[in-house]
Structures are given as structure tokens and as C-alpha cells.
J.: 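Please see the structure below; I have some questions.
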Amino acid sequence: MNAFEIIGPVMIGPSSSHTAGAVKIGFIARQLIREEIRSARIYLHGSFLATGKGHGTDKALIAGLLGMKADDERIPDSLNIAKQKGLEYHFHGIELRDVHPNSVMLRLQGVHGMELEIVASSLGGGAIKICSIDGLEANICAMYPTLIVHNIDQPGHVSEVTSMLGHKSVNIAEMQLFRDRRGGNAVMVIECDQEIPLEALDWLRKLEGIVKVTYLSMEEKNEF
Amino acid sequence: MSFKSLKEIETLSVSQQKPFWKIILEDECDERMMSEQEAFALMQSMYHHMKQADEGYDKSLCSASGLVGKDGEKIAQAIAKDKLISGMFMSKVMEKAVKMGESNACMKKIVAAPTAGACGVLPAVLLTYQEQYECREDMLVEALFVAAGIGEVLAARAYISGAAGGCQAEIGSASAMAAGAIVHLRGGSALQITHAAAMALKNLLGLVCDPVAGLVEVPCVKRNVVGAVNAVTCADMAVAGITSRIPPDEVIDAMREVGDAMVAKLRETGEGGLGNTPTGQEIVKQLRAVTREQG
């Protein structure tokens, strides 16, 4: 951990894992879906479920989905703000398998019809991990611009994506590959040192065998 | 790269003839590709946020559970009436530690240092020091870099969260960081900084994380006081020339060993210790009933 992970973050209390981390999970989910969120089904697991209420985890998750950061003083009032903005939400309990005690599954629908399902964990100190996207395993710390490509498991897609990144002078920091079975659905998660131009993402989306392209930009947008 | 041992920082400090805080600052700048001015300004903003959080204490607030709130004001009143025997410095440290812990529980803005649960320890000693000794703000920002350096090593060799290693890892770490920070303010050497941190951590070794109902409230708010007061006494011991007989890095390793041996019910689950007392369990029941009513 670096100096500002030790001294910091500046945040709304009471818990860096149950509150600040939860805000970040909501915020990152919103960055991933890239539009305002119309409805959210929120499934709390483990300690999030058991002690979330007293820690304001519910308010924190909704605040993040509304685009607030961990130091936003409106967090305690986020449930009311959600109602004003027409964000519908429902909380449920769930037992997820093989995840950190502070975990949540989010099923989101955007105002323009985008859909996203993620499972994310709050690891402590405000750090988070996205464990899966749309049912496929992932491992994203959300600290770098991250490209998530769902594709059919067949030869050539990794090289298409990586050569595109090379052309755009984007350096790969970390890369992970997952698949459900041979020839089935695969996902590559690529954490980069630079932002990826949006037109390059559109180019990728047109390629045969590429099912879905999701991009997590570190350039934060307040509105979409 | 963050530092893996206090010895490493102290050795660099001696060989490069630079103060402890400067070693941490330079390392941070290398890692994050930022200028020293930027890093210093960022840390200064952390100090300002601590100050604002202290000044913004709302004496009328209670946490959502109703378990904590309003105690900071009681200490302030007792100080005003000259009822406390701790002396002005320590009394102020107590007051600020409780206030920050309460603000955190009441969903106010705080600076996690190293965690939200322990957010009262560092500001309690640093803000009190600035008030009582009228020291330059630069020195306090430097002290935060000292604290950060100690925290980096604690995180690398052991842990800094109650869920991972018990309260010793959370309030214990904050206390060790604050002890080192004060030694810097008193003009102590890098070696003295590391020994103050070691003594502070030793005093809280074995402290379990046993919050009532799993909330960052009971006993967390008051443990911020013990962490802060312990930091001041250990810094004083180090400045007086007392050293830890167990080398600082070995003390941190011992914290890890003790934390590893702690069963899950003593690591933030709320199922052991104070959380498992009849009264603690009764509070859990009441809170559940309230939650059900609210749907």
C-alpha cells in the first residue's frame, strides 16, 4: 500500500470496507454500464448482509450508483436522492459461493436499456475487486483503465485485441483470460497504463466472435 | 515500492542523511510519478480534512444504532470545568479522539488513517499538538508522511484491518503510526521514530476486534482514545531515550503471528468478546427488530 492508501481515503464513515468500498463498487458499476441507472437489484452477501444496515452499506451502494464518490456528503441521504432521480432499487440477501465476506451482486439496467450483472467485493481500506461480469469470472481492481472483452473461445481474438492496443500505444499492465469451456464463452480482462480511445472500442465491437466489449475508464464522468 | 521494513527506512535515512519523512515522500513520488510539491500538497489536504472533520463535530448527533454520540462534548465540558486529572494535552487528545470516532459512526466525512475505525488516533494527537505547541503546519504534514511510512510497513509485514488481524492491527497500527509522527514533531531521530512505533504496537498487541453488532461503534470509539494516549506516552518514552528491547520489525512480525492465531469470532465478526456479552447480544436483538420494522 502506498502513502495515500495509508493516510486516506477522505471518506464518509463509518467503515472503509462497508461504506467507502461499497460506494466505490456502485460507482465502478455505473462507470461500466456507462449510462444512468434506471433499476438496481442488489444482493448482499455475508457481512454486507449481516451488518450492512448499521454501516450504511445500502446508502453507500446507491450513492455510488448515482455517481457519488466515497467523500460525498450526500451519501447519508442517497436513498431519498435515488427516489427523486427515479432510480428504482431493491435489496435482497444472497449466499454467494467462494467470495470475500463483504460482497455484493448487482443486477443493473440503464435508462437506455444497457444491462449489467457484476459480483464485487470490498477488500478493506476502500479497495475493491470485481469478481465477475455477466456471469463470467473476472478479477478487476478498478485502479487502471480496464478493457473487458467477452468473445467466443476461438483462436485469434487475443491477438486482435492486443495488436489494436499496440497500435494505439496503450501499454498492458496486466492481462487475464478466462473461459467457461473449450470453444464456449471466454473473457479477457486487460488492465492498461493508458486510456483506450473510444473509436478503438467501437472497432472491436464489430469484429466477428466478439460478443461484448466493456470498458472501465479512469476518466470519471459525472453525467453520461 | 512500498517499504517492507522499518529498518530499511531508518538505514536509508542515515545513509542519505535525510529525515524519515523525506524518504517516504521521495519513494511516493517515484512510485506515483508525481512531483514532491504535488505529493506534499496532497498530504497537506489530508491534514486539512482532518482539521475540518474535528471542527465539524456535531455534538447533537447520534449514530443510526443510537449506541454512540455526544460523548466528545462531555469531555469538552469536563475540561472547561477543570475536572480531569489527565492534564491539558492528554485531555484534549481524549476529546478529539472521541469526537472523530463519533463523527465517523455518524456518517460524517473523515480521513481513514489507516482505517475509518481508527480515524481518531492520528488527528487527536496531531491537531492537539498544533494547538498546544503552535507548530508550523509543514511539520505536521511531514509527520503524516512519517505515519504513512510506518503504516506501509505494517500493511506489508502484517495487516492494518480488524477483520484481518484484530484491533491490534487497526488501533494498534494507528497508535504506532501516531507515536512515530509525534517523535518527528519532537525532533527525534529515525531510530527513535521506529522505536516509538514498536513500543506503541507492543502495548496493544493481542487486542481483539469485538464490536457490538459488528458496528464501528462499541468499543471502537473509545479505543481511539487509548490508541492516541498510548501514542503520546510511547513517543515520550522514545524521546527520553527508551528503546524497545524487541527490534521494531520483529514487533510487527509478532503482531502478525498473534493476528494469525486469532479465531474468526475475534476479528470484526461481532461474534466474540464484547459483542458476545449478554448486553451486546441484547443490543443485536433490538437492532434487528428495528431493521425489520423499517423493512
Side-chain angles (χ1 to χ4, degrees), chain A residues 1-24 44 46-60 63 68-79 90-93 100-102 121-127 143 193-194, chain B residues 2 24-25 27-28 31-32 39 42-43 45-47 49 53 63-65 67 101 103-117 119 122 144-145 147-152 154-156 159-164 173 177 211 213-217 220 268-270 287 290-291 294:
Chain A
M1 292 177 96
N2 69 46
F4 295 103
E5 288 169 308
I6 301 291
I7 307 297
V10 178
M11 56 167 277
I12 302 301
S15 161
S16 53
S17 52
H18 287 71
T19 321
V23 177
K24 186 163 181 195
L44 300 169
S47 175
F48 264 14
L49 178 63
T51 68
K53 197 97 184 170
H55 283 122
T57 304
D58 48 353
K59 294 172 183 169
M68 294 182 208
K69 308 287 285 288
D71 65 348
D72 197 310
E73 279 162 318
R74 296 171 300 165
I75 291 170
D77 197 32
S78 69
L79 300 183
H90 298 278
F91 284 93
H92 311 268
H100 188 279
N102 295 327
S121 305
S122 177
L123 307 176
M143 287 169 70
D193 287 332
Q194 291 86 18
Chain B
S2 68
I24 307 302
L25 172 72
D27 174 69
E28 189 65 22
E31 178 66 22
R32 290 163 68 102
L42 187 55
M43 195 58 96
S45 78
M46 295 296 160
Y47 186 69
H49 280 297
S63 64
S65 70
L67 288 175
S103 291
N104 179 54
C106 297
M107 294 193 85
K108 302 272 283 179
K109 195 193 282 191
I110 53 92
V111 183
T115 60
C119 71
L122 265 167
L144 279 179
F145 276 105
I150 296 166
E152 282 179 31
L154 284 159
Y159 9 57
I160 55 166
S161 80
S173 292
M177 289 158 57
L215 301 176
V216 195
E217 301 188 7
C220 319
E268 209 191 276
T269 51
L287 290 178
V290 173
T291 306
Q294 291 169 346

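Here is the naming used below: chain letters follow the sequence lines, and residue numbers restart at 1 for every chain. The figures here come from the full heavy-atom set of this structure, side chains too, leaving out hydrogens, waters and symmetry mates. Computed from a predicted model, the values in this text were never measured in an experiment.
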J.: A64(B) versus chain A, heavy atoms under 4.5 Å apart: side chain, backbone, both or neither?
T.: neither

J.: Please state whether the side chain, the backbone, both or neither of M43(B) comes within less than 4.5 Å of a heavy atom of chain A.
T.: both

J.: Hey, does the side chain of E73(A) reach the backbone of K108(B) with a donor-acceptor pair shorter than 3.5 angstrom?
T.: no

J.: So, using ring-ring contact (aromatic ring centres under 6.0 Å, His included) as the criterion, who are the partners of H55(A) when residues are at least two apart?
T.: H18(A)

J.: Using the ring-ring contact (aromatic ring centres under 6.0 Å, His included) criterion, which residues pair with Y47(B)? Sequence neighbours excluded.
T.: none

J.: With a 4.5 angstrom heavy-atom cut-off, is it the side chain or the backbone of M46(B) that approaches chain A, or both, or neither?
T.: side chain

J.: Pick from I7(A), N102(A), T51(A): which one has the most heavy-atom pairs with chain B under 4.5 Å?
T.: I7(A)

J.: Could you tell me whether the side chain of E28(B) and the main chain of A3(A) form a donor-acceptor pair under 3.5 Å?
T.: yes

J.: Say you draw a straight line from CG of L144(B) to CD1 of I6(A); how long is it, rounded to the nearest 0.5 Å?
T.: 12.5 Å

J.: I'd like to know which of E5(A), M1(A), K59(A) tops the heavy-atom pair count under 4.5 Å against chain B.
T.: M1(A)

J.: When rounded to the nearest 0.5 angstrom, what distance separates CG in D27(B) from CG in N2(A)?
T.: 9.0 Å

J.: Please identify, among I160(B), L42(B), V111(B), the residue contributing the most non-hydrogen atom pairs under 4.5 Å to chain A.
T.: L42(B)

J.: Atom OG of S15(A) and atom CE of M107(B): how far apart are they, to the nearest 0.5 Å?
T.: 10.0 Å

J.: Between P14(A), S16(A), S47(A), which has the largest tally of heavy atom pairs under 4.5 Å with chain B?
T.: P14(A)

